[in-house]
Amino acid sequence: MQAAEKAEKKAEKKEGIGLEQGDILWLAVNAKYSHTSLAVRYLRECVPGSSILELTINHQLLAALGEIYERQPRVLGISCYIWNIEMVKDILRLLPSALPDTIVICGGPEVSYDTTAFLEAFPMVDFVVRGEGEEAVPELIERLQAVGFDKARAAEVSRAGSLSGVAMRREDGSIDESTAVTVANFSEVPFAYREAEMGPIKERILYYETSRGCPFSCAYCLSCATAGVRFLPLARVFRELDFFVRHDVRQVKFVDRTFNAKKSHFLPILQYLVTLPDSVRTNFHFEVAIDYLDEEVLAILARLPRGRVQLEIGIQSTNEKTLQAVSRINHWEQIASHIRRILSFHNMHLHVDLIIGLPGEGVDSFRRSFNDVYALQADMLQLGFLKFLKGASMMNLVQPYGYRYMPMAPYEVLVSDALTYSEIRWFHSFEAVFEYYYNAGRCRHTAAYLIAAQEAGDAFAFWKRFTDWWEAHGYHKVGHATKDLYGLLRDFAEDAYQIAAKLLDNLLRFDALMADGGCIRPVYLDWDMEKHQQETAPFWRSERPRAYLPNFTFTNWRAVRGCYHIEFFAYDVRRAREGVVEAREMALLFDFRGPDVTCQEIVL
């Protein structure tokens with residue numbers, strides 16, 4: 001059968017479904033409100049007349065149930081992932097009371113494996129979609145329509161035989177597991193987004209993909225469960241990117257497992273992004289294997305407007321034996337060189353990842369990995385914990401490496417032959433402290449100075465000492481306001497290193513002005529704006545600001561205070577990241593108007 005004939009038959013089937021609005025509801029339970037679900041939107045487009053509902057894991061359980069109940073679906077499909085499966089299970093347990101006649105379909109990575117056990121544990125679930133559902137689900141809906149969407153007759157669907165990609169209950173109560181499937185022709189999967197919904201969601205993160213599959217087979221990743229990579233035609237990709245740009249979307253996050261898997265596919269996309277007008281605000285997020293970029297690609301990245309792209313780079317470890325154990329290949333010299341090169345462009349955010357708990361990586365090994373990656377000074381260094389995902393080949397390493405892990409989502413490591421539970425628990429505090437400071441962009445200069453001047457450049461030693469102090473004071477047990485973080489770091493530095501209070505105050509005031517748009521100015525720091533008003537007020541009313549801000553015109557004091565700040569220091573702290581602080585009286589002018597705070601020395 002020719003491709004055109006196949007497409008025509010599929011279209012006929014879709015048109016023939018003939019659903020009443022509200023018959024079928026696809027439910028997504030997202031990790032955050034800012035996220036959107038790609039999966040339920042795909043199914044909405046594959047089953048005309050169906051609708052979607054997006055909740056979050058932060059919804060109160062009964063409130064979530066109430067929202068589902070209000071829709072009164074005859075068929076409810078639920079997308080199941082590691083971040084929502086525990087809440088989904090709670091919802092499932094309540095459905096027989098609230099919607100006893102609703103047919104329930106579950107799908108997603110969390111139920112595509114150990115499917116029989118899931119169906120036995122949750123008898124209210126009638127079907128499980130295994131793998132990619134864009135072809136299997138419309139077939140299932142047709143069969144359900146033939147039995148009038150009657151839950152009591154749902155098992156009759158099995159009379160037509162097995163359905164690839166759909167596990168179901170037979171009439172005798174046994175379970176037909178079927179098999180997980182992929183969509184052979186990815187280009188036939190419809191575009192997931194609609195014009196009418198863009199207004200309400202354009203400020204959220206919109207997920208998008210131009211490929212499925214991954215050329216690598218890392219043991220900890222579910223991508224190892226499928227072979228090959230399938231790509232959308234570039235002409236279609238450009239049309240869909242135009243759609244996002246036209247709707248002024250804030251961020252499009254590509255879920256392509258390795259965006260740069262094929263140069264003939266990804267390079268034209270980068271070239272397209274370069275040609276977009278500077279007025280386009282949409283940010284495009286890609287996960288890349290940065291060691292495989294070449295000079296041509298780096299040259300294109302250098303030309304991108306600031307903020308157009310951000311890159312996520314999964315380094316995971318720099319221990320070669322650890323990487324071999326999880327079937328991962330890193331070319332460290334190229335990774336480090338390319339990250340430094342791209343950071344020198346000053347036009348994009350770089351996010352790098354390390355995983356705690358990988359095979360054979362104890363505290364000492366992780367210390368080396370952390371210091372190697374920290375030295376690159378990427379914008380964010382995310383510390384994740386090894387997870388044992390259903391279907392990933394990491395499960396084959398549980399016994400050889402003495403792993404114990406959480407039996408419920410998110411299945412995080414608890415013990416290995418290289419890390420005790422005590423060490424894993426401590427690493428959670430380490431990660432929390434690191435998130436409060438480094439990954440939030442706070443106190444970067446103070447931390448860098450202390451690492452260089454007090455820890456001989458050993459970043460792990462500094463963050464370890466800080467974490468130990470943090471736990472000793474019980475700070476890991478409570479939350480912290482941003483304004484308090486500067487004082488906690490000051491107290492730690494005074495205790496651990498006996499740093500002079502005046503120097504710390506200078507460093508922390510500088511850091512406070514350079515982070516969070518300069519909006520957080522803790523009252524316990526020695527701010528001096530009022531002390532020097534006799535000098536700063538005449539400065540702003542004169543022509544002198546134009547020597548530093550060429551287009552400056554004084555309008556009113558509110559405008560000045562909202563955009564600028566002059567602070568006086570007893571030290572030149574601008575080179576603190578190098579471990580160099582010079583005792584010298586100086587005034588710095590901070591400019592908060594751009595995407596990053598800038599400062600320059602001025603003479604009053």
Side-chain angles (χ1 to χ4, degrees), residues 1-15 26 36-48 50 52 131-138 181-198 201-202 204-215 223 226-277 280-288 297 300 304 308-311:
M1 185 184 292
Q2 298 296 317
E5 292 175 358
K6 285 184 178 180
E8 187 176 338
K9 283 187 175 293
K10 282 188 176 182
E12 288 173 359
K13 282 185 177 181
K14 280 187 179 182
E15 290 174 4
W26 307 115
T36 52
S37 172
L38 186 57
V40 298
R41 285 180 168 80
Y42 275 141
L43 295 181
R44 177 186 62 187
E45 301 311 307
C46 290
V47 182
S50 62
I52 66 172
E132 298 174 9
E134 290 90 353
E135 291 179 340
V137 167
V181 297
T182 57
V183 174
N185 190 348
F186 180 36
S187 63
E188 292 184 0
V189 173
F191 183 54
Y193 295 92
R194 294 181 176 180
E195 295 273 354
E197 70 182 337
M198 296 310 293
I201 68 173
K202 71 177 186 177
R204 296 161 67 185
I205 300 171
L206 302 193
Y207 294 90
Y208 176 66
E209 59 184 344
T210 70
S211 66
R212 286 185 181 175
C214 184
S223 295
T226 57
V229 185
R230 295 156 288 153
F231 299 90
L232 289 181
L234 283 171
R236 170 177 166 176
V237 172
F238 295 144
R239 286 197 305 272
E240 292 170 354
L241 295 181
D242 281 341
F243 174 91
F244 293 128
V245 170
R246 187 171 75 251
H247 286 284
D248 193 32
V249 169
R250 181 173 67 86
Q251 185 180 57
V252 176
K253 189 167 186 176
F254 281 54
V255 293
D256 302 47
R257 298 313 304 152
T258 304
F259 174 66
N260 59 320
K262 186 168 78 170
K263 187 175 179 181
S264 61
H265 179 78
F266 79 84
L267 185 60
I269 296 174
L270 291 179
Q271 291 168 329
Y272 162 91
L273 297 181
V274 168
T275 63
L276 291 174
V280 171
R281 68 151 182 167
T282 306
N283 170 264
F284 298 88
H285 177 113
F286 306 111
E287 186 169 346
V288 299
V297 175
I300 293 290
L304 286 163
R308 179 67 47 82
V309 160
Q310 66 184 49
L311 300 181

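Residue numbers start at 1 and run along the sequence shown. Owing to the predicted nature of the structure, the values given are computational and were not obtained by experimental measurement.
- With a 4.5 Å cut-off on side-chain heavy atoms, Phe284 and Ile269 do not count as touching.
- Put simply, the side chain of Glu188 does not reach to within 4.5 Å of the side chain of Val183, judged on heavy atoms.
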* Start with the C-alpha distance between Val181 and Glu135, add both sets of side-chain angles, then the distance that settles side-chain contact (heavy atoms from CB on, under 4.5 Å), and finish with yes or no. => CA-CA 9 Å; Val181 297; Glu135 291 179 340; over 6 Å; no
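- Side chains of Glu287 and Val255 form no contact here, defined as non-hydrogen atoms less than 4.5 Å apart.
- Side-chain contact between Glu45 and Glu134 is absent, with no heavy-atom pair separated by less than 4.5 Å.
- The distance from the OG1 atom of Thr36 to the CD atom of Gln251 is 10.0 Å, given to the nearest 0.5 Å.
- Checking Arg204, Lys202, Arg41 one by one against Glu197, the salt bridge (charged side-chain N to carboxylate O under 4.0 Å, His left out) holds for a single residue, Arg41.
- We find the CZ-CG distance between Arg230 and Asn185 to be 9.5 Å, quoted to the nearest 0.5 Å.
- Side-chain contact check for Val237 versus Phe266: every heavy-atom pair is 4.5 Å or farther apart.
- A donor-acceptor pair under 3.5 Å is formed between the side chain of Thr282 and the backbone N or O of Val249.
- In plain terms, the two heavy atoms of Ile300 and Gln271 that are nearest each other are CD1-CG, 3.9 Å.
- Side chain of Arg308 to main chain of Leu273: a donor-acceptor pair is present (N/O by atom type, distance under 3.5 Å, no hydrogens or angles).
- Put simply, the side chain of Arg44 gets close to the backbone of Ala192: a donor and an acceptor are under 3.5 Å apart.
- Summarising the geometry of Pro190 relative to Tyr42, their closest heavy-atom pair is O-CE2, 3.2 Å, with the distance given to 0.1 Å.
- Closest of all the heavy-atom pairs between Lys263 and Pro268 is O-CD, 3.7 Å.
- For the 3.5 Å distance criterion, the side chains of His265 and Thr210 qualify, holding a donor opposite an acceptor.
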* **Asp256/Phe286 under side-chain contact (heavy atoms from CB on, under 4.5 Å): CA gap, chis, key distance, verdict** => CA-CA 8 Å; Asp256 302 47; Phe286 306 111; over 6 Å; no
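- Contact of the Leu232 side chain with the Phe186 side chain is registered, since non-hydrogen atoms from C-beta on lie closer than 4.5 Å.
- For Asp242, the side-chain contact (heavy atoms from CB on, under 4.5 Å) partners are Tyr272, not counting sequence neighbours.
- Rounding to the nearest 0.5 angstrom, the gap separating the CZ atom in Phe231 from the CZ atom in Arg236 is 14.5 Å.
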* **Working for side-chain contact (heavy atoms from CB on, under 4.5 Å), residues Val229 and Thr258** => CA-CA 10 Å; Val229 185; Thr258 304; over 6 Å; no
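- Put simply, CZ on Arg246 and CZ on Arg239 are 12.0 Å apart, with the number rounded to the nearest 0.5 Å.
- Between the Arg281 side chain and the Asp248 main chain, a donor and an acceptor come within less than 3.5 Å of each other.
- Between the side chain of Asn260 and the main chain of Val288, no donor-acceptor pair closer than 3.5 Å is present.
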* Asked: After noting the C-alpha distance and the side-chain angles of Phe243 and Val252, does the key distance pass the side-chain contact (heavy atoms from CB on, under 4.5 Å) rule?
  -> CA-CA 11 Å; Phe243 174 91; Val252 176; over 6 Å; no
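- Using a 4.5 Å cut-off on side-chain heavy atoms (C-beta onward), Val189 and Glu132 make no contact.
- Annotation: ring pair (Phe, Tyr, Trp, His ring centres under 6.0 Å) contacts of Phe244 (sequence neighbours excluded): Phe191, Tyr193, Tyr208.
- The line from CD of Glu209 to CZ of Arg257 is 10.5 Å long, rounded to the nearest 0.5 Å.
- Cys46 approaches Pro138 most closely through the heavy-atom pair O-CG, 3.7 Å.
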